[in-house]
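Notes follow once the structure below has been shown.
Numbering of ligands and ligand atoms starts at 1, following listing order.
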Amino acid sequence: MARNLFLYDTLTREKRIFKPVNPGYVGMYVCGPTVYGDAHLGHARPAITFDVLFRLLRHLGYKVRYVSNITDVGHLESDADTGEDKIAKKARLDSLEPMEVVQTYTLRYQEAMRELNVLPPSIAPRASGHIIEQIELVKTILDAGYAYVSNGSVYFDVEKYDGTHKYGVLSGRIIDDMMAGSRELDGQEDKRSPNDFALWKKAAPEHIMRWPSPWSDGFPGWHLECSAMSEKYLGEEFDIHGGGMDLIFPHHECELAQNMASRGKGGVNYWVHNNLITINGQKMGKSKGNFITLEELFAGTHDLLEQPYSPMTIRFFILQAHYRSTLDFSNEALQAAERGLKRLMQATKDVVSLKHSPDAPLLKQVAAVEEDIYQALLDDMNTPIALSSLFEAVRIVNGAKDKGEVLNDVDYNTLTKLFTEIVSDVLGLVDERQDSSAESVIGGLVNMVLESRNAAKAAKNWAESDRIRDELEAIGIRIRDTKEGTEWELTK
Ligand code: ZN
């Protein structure tokens with residue numbers, strides 16, 4: 001069945017039928033992390049949003065080249081092109097080489113993404129590996145007359161660009177308002193206007209990450225890498241450019257201007273942005289004490305957390321909101337997500353063992369539920385509606401299981417397909433308990449040992465009972481006698 005995907009484009013502010021530049025093939029670029037600290041909640045939402053889009057496009061039969069960069073140079077502390085490079089600062093504070101910082105946090109980020117069942121992109125290019133491409137792009141923009149050299153740095157001339165094109169179309173900002181709102185050229189005297197942004201920055205003597213260029217020993221501006229690398233891997237015009245809403249301005253606005261100035265076109269057919277996460281109604285921030293890393297979330301070690309939350313619980317929770325809506329984290333909401341996920345996973349397991357035959361009557365609602373799920377997913381990835389329709393499927397599975405009902409083969413196949421192809425392949429929700437087959441083996445062994453210990457206790461052989469307890473403790477299994485029986489937990 002030919003199905004159309006509708007996708008909302010931030011630039012035109014409309015939902016349109018998705019038509020790729022090249023039939024059957026999708027080029028997608030998503031801004032990745034600046035790797036100077038642990039992956040946190042703010043990373044989980046874009047990663048999961050674009051992972052589901054990647055999976056959905058593949059499910060619809062497209063071949064997808066998914067590029068997501070690693071920013072390892074040029075991202076300064078302030079959007080006004082001032083302050084230290086975030087990675088260089090971390091390297092200085094920890095007495096490390098900048099590339100040690102990059103390697104450490106890239107690996108940690110990738111590990112957290114693997115736990116969230118986020119598929120790795122087709123290409124994960126690093127900014128520092130594309131300095132030549134970025135220098136070439138600066139030359140092109142200079143040649144086109146939309147940039148100027150000032151004291152060894154190169155700046156994009158926003159005012160000149162605004163005269164021929166329109167600056168601010170993506171974010172909806174108007175240049176006059178920006179001028180009124182900006183302060184004096186505080187510490188950025190090289191710029192003609194505070195709206196101008198750096199394409200190339202001359203490095204101060206103490207700046208470690210530096211490369212030779214026609215203008216100075218320096219480093220590229222943050223926005224430049226995404227224009228250069230998306231063009232290199234996806235061409236001058238590609239289908240989807242994604243990222244969090246916080247990147248619309250200045251990052252993507254500047255990228256769009258760079259593309260227009262160098263190629264004469266924006267180069268992106270759908271700008272897709274996910275909304276942000278709040279915590280108990282507040283914006284997340286290091287100064288607010290509500291900055292939670294993914295590691296802390298999985299282990300339950302942050303003060304705001306009542307318990308650990310598994311990666312799949314986080315994934316399910318994020319999919320319960322539409323990607324363009326805000327999403328508020330709270331213990332109550334996460335605990336509700338945990339229960340919902342458990343029900344969905346139980347049905348995923350139960351559906352395969354339902355009885356079925358070619359002669360049983362067809363249930364009308366199975367085909368209707370399937371249609372609802374596709375409609376929701378194709379309507380700008382409406383995962384909350386798709387999930388609520390999936391819970392209709394859960395009710396059908398539970399009903400058939402409880403009553404021992406025999407399903408028609410067609411319904412049975414549709415249901416099993418929904419749980420494998422939609423739940424697992426498209427939404428990426430998998431049963432974490434399945435991964436713990438080793439744990440269930442350990443459980444069986446511990447119970448055998450505890451039975452021997454109970455026998456020793458029944459025979460009043462306290463020495464033997466204590467020996468078993470101590471030996472279990474020594475290998476990392478702690479037991480505790482309660483009124484209900486003996487409980488055990490792994491301590492390692
Ligand atoms: Zn970017």
Item to check | Close aromatic pair by centroid cut-off 6.0 Å: Phe329 and Phe317 | outcome: yes
Checklist entry - Where does the angle between the aromatic ring planes of His223 and His251 fall among parallel (under 30°), tilted (30 to 60°) and perpendicular (over 60°)? => result tilted
Item to check | Whether Trp271 and His241 hold their rings parallel, tilted or perpendicular, with breakpoints at 30° and 60° | outcome: parallel
Next on the checklist: Restricting to under 2.8 Å, identify the protein N, O or S atoms around the Zn ion (ligand 1) as residue plus atom.
Outcome noted: Cys31 SG, Cys226 SG, His251 NE2
Next on the checklist: For a quick check under 3.5 Å, do Tyr109 and His40 share a side-chain donor-acceptor pair by atom type?
Outcome noted: no
Checklist entry - Side-chain contact, heavy-atom cut-off 4.5 Å: Arg126 with Asn69? => result no
Checklist entry - Within 45° of the six-membered ring axis of Phe391 and under 6.0 Å from that ring's centre, is NZ or CZ of Arg343 located there? => result no
